[in-house]
Amino acid sequence: MEFSLFESTATDEVVELFTRVFSASEGAAEGQSIGFLVSSLITTTPADSLIGCVAKDGTRIVGAIFFSRLKVPSGQRAFLLSPVAVATEVHGTGIGQALITFGLDQLRSQGTDLVFTYGDPAFYSKTGFAQIDESIVAAPYPLSQPIGWLGQSLDGSPIPAMRGVTECVEAFANPDHW
Ligand SMILES: CC(C)(COP(=O)(O)OP(=O)(O)OC[C@H]1O[C@@H](n2cnc3c(N)ncnc32)[C@H](O)[C@@H]1OP(=O)(O)O)[C@@H](O)C(=O)NCCC(=O)NCCS
């Protein structure tokens with residue numbers, strides 16, 4: 001398995017991967033919706049605010065993740081990890097965790113301080129994420145499942161409590177995603 005940064009020439013393959021994986025796990029409508037989200041993330045996010053990573057088995061992309069800029073009140077460099085997909089037929093073989101670890105290393109080498117995500121704590125805790133109370137860092141929109149608001153500091157220091165508004169990129173600027 002080879003891990004590398006996403007390049008825009010792989011857009012169609014990656015959108016198709018997300019659509020297929022989420023259609024299989026959550027149904028066709030959710031698959032279409034995530035495919036649209038990924039397409040919009042790639043086309044509307046400024047280059048310095050989006051980092052994608054892919055896992056390749058030979059020439060075929062079998063996993064993909066995106067990190068997009070999150071403006072936090074402390075002014076620290078922060079990104080949001082979302083979404084994540086691994087090809088259904090290779091679930092449970094360690095690709096998801098390895099891809100996230102690769103992505104976090106990329107972000108760390110670029111001087112990123114904090115990474116957040118919104119998802120299942122049981123899965124994301126395997127790559128260093130822990131639940132955050134919204135009194136420490138608010139999410140950009142009201143959360144339907146506050147238990148899924150997660151974060152980590154890439155230098156190992158605790159995430160400082162910060163007051164004020166957190167801002168996501170345009171593709172996530174929709175309360176339905178939260
Ligand atoms: C979630 C997903 C990315 C995990 O990737 P993966 O390559 O299968 O995961 P890994 O093999 O690296 O890790 C497997 C571990 O995570 C756990 N895990 C996997 N998916 C999980 C989920 N949805 N919830 C909780 N735990 C999960 C497994 O139980 C396993 O635990 P173990 O190591 O203790 O046995 C993949 O299953 C996927 O694409 N799912 C559909 C899309 C999705 O739900 N994406 C995440 C939300 S954006």
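Note that the numbering runs from 1 along the sequence shown for the chain. Counting starts at 1 for both ligands and their atoms, in listed order.
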Nearest-neighbour protein heavy atom for atom 35 (O) of ligand 1, which is reported as residue plus atom name and distance:
Lys126 NZ, 4.9 Å

Do any N or O atoms from the side chain of Thr112 and from the backbone of Arg108 form a donor-acceptor pair under 3.5 angstrom?
no

Numbering as shown, the atoms of ligand 1 that approach Val84 to under 4.0 Å (heavy-atom distance)
3 (C), 42 (C), 43 (C), 45 (N), 46 (C), 48 (S)

CD (Glu170) with more than 12 external heavy atoms under 6.0 Å
no

Could you list which atoms of ligand 1 come closer than 4.0 Å to a heavy atom of Val21?
39 (O), 41 (C), 42 (C)

Under 4.0 Å between heavy atoms, the region of Thr88 that gets near ligand 1 turns out to be neither

To the nearest 0.5 Å, how far apart are OG1 in Thr117 and CD1 in Ile100?
7.5 Å

How far is atom 8 (O) of ligand 1 from its nearest protein heavy atom, and which residue and atom name does that atom have?
Gly92 N, 2.8 Å

Can you tell me if Thr45 uses its side chain to pair, donor with acceptor, with the backbone of Ser49 under 3.5 Å?
no

Residue and atom name of the nearest protein heavy atom (relative to atom 25 (C) of ligand 1), distance in Å to one decimal:
Asp120 OD2, 3.3 Å

Students should be able to answer this: which protein heavy-atom is nearest to atom 26 (N) of ligand 1, and at what distance?
Phe123 CB, 3.7 Å

May I ask you to check whether over 12 heavy atoms, not counting those of Glu7, lie within 6.0 Å of atom CD?
no

Is there a protein heavy atom less than 4.0 Å away from atom 3 (C) of ligand 1?
yes

So for atom CG, which belongs to Asp12, do other residues, nucleotides or ligands contribute more than 12 heavy atoms lying within a distance under 6.0 Å?
no

For Gly94, the ligand 1 atoms with a heavy-atom partner under 4.0 Å come out as 10 (P), 11 (O), 12 (O)

Short check: is a protein heavy atom less than 4.0 Å from atom 29 (O) of ligand 1?
no

Aromatic centroids of Phe66 and Phe6 separated by under 6.0 Å:
yes

Counting each atom of ligand 1 from 1 as listed, which ones have a heavy atom of Thr93 under 4.0 Å away?
11 (O)

Identify the protein heavy atom lying closest to atom 36 (C) of ligand 1, giving its residue, its atom name and the separation to 0.1 Å.
His91 NE2, 3.4 Å

Please determine if Phe22 has a nitrogen or oxygen closer than 3.5 Å to a nitrogen or oxygen of ligand 1.
no

Nearest-0.5 Å distance that lies between atom SG in Cys53 and atom CD1 in Ile65
4.5 Å

Would you mind running through ligand 1 and noting each atom that sits below 4.0 Å from a heavy atom of Ala85?
39 (O)

With heavy atoms and a 4.0 Å threshold, my read on which part of Val86 contacts ligand 1 is both

Among all protein non-hydrogen atoms, which one is nearest to atom 7 (O) of ligand 1, and what is the separation to 0.1 Å?
Gly96 N, 2.7 Å

Paired with Ser74, the side chain to side chain donor-acceptor pair (under 3.5 Å) test is passed by just one of Lys71, Arg77, Gln76, namely Gln76

Considering only protein heavy atoms, determine whether one is less than 4.0 Å from atom 40 (N) of ligand 1.
yes

Only heavy atoms of Tyr124, strictly under 4.0 Å: list the atoms of ligand 1 that pass.
46 (C), 47 (C), 48 (S)

Need the ligand 1 atom indices (1-based, order shown) with element for anything under 4.0 Å from a heavy-atom of Gln97.
10 (P), 12 (O), 13 (O), 14 (C), 15 (C), 33 (O)

Ser82 heavy atom under 4.0 Å from ligand 1:
no

Can you tell me if Gln106 uses its side chain to pair, donor with acceptor, with the backbone of Gly52 under 3.5 Å?
no

Using only atom types and a distance under 3.5 Å, with no angle test, would you say the side chain of Trp178 pairs donor to acceptor with the backbone of Ala173?
no

Is it true that Val90 and Phe102 fall in one hydrophobic cluster, defined by side-chain heavy atoms closer than 4.5 Å?
yes

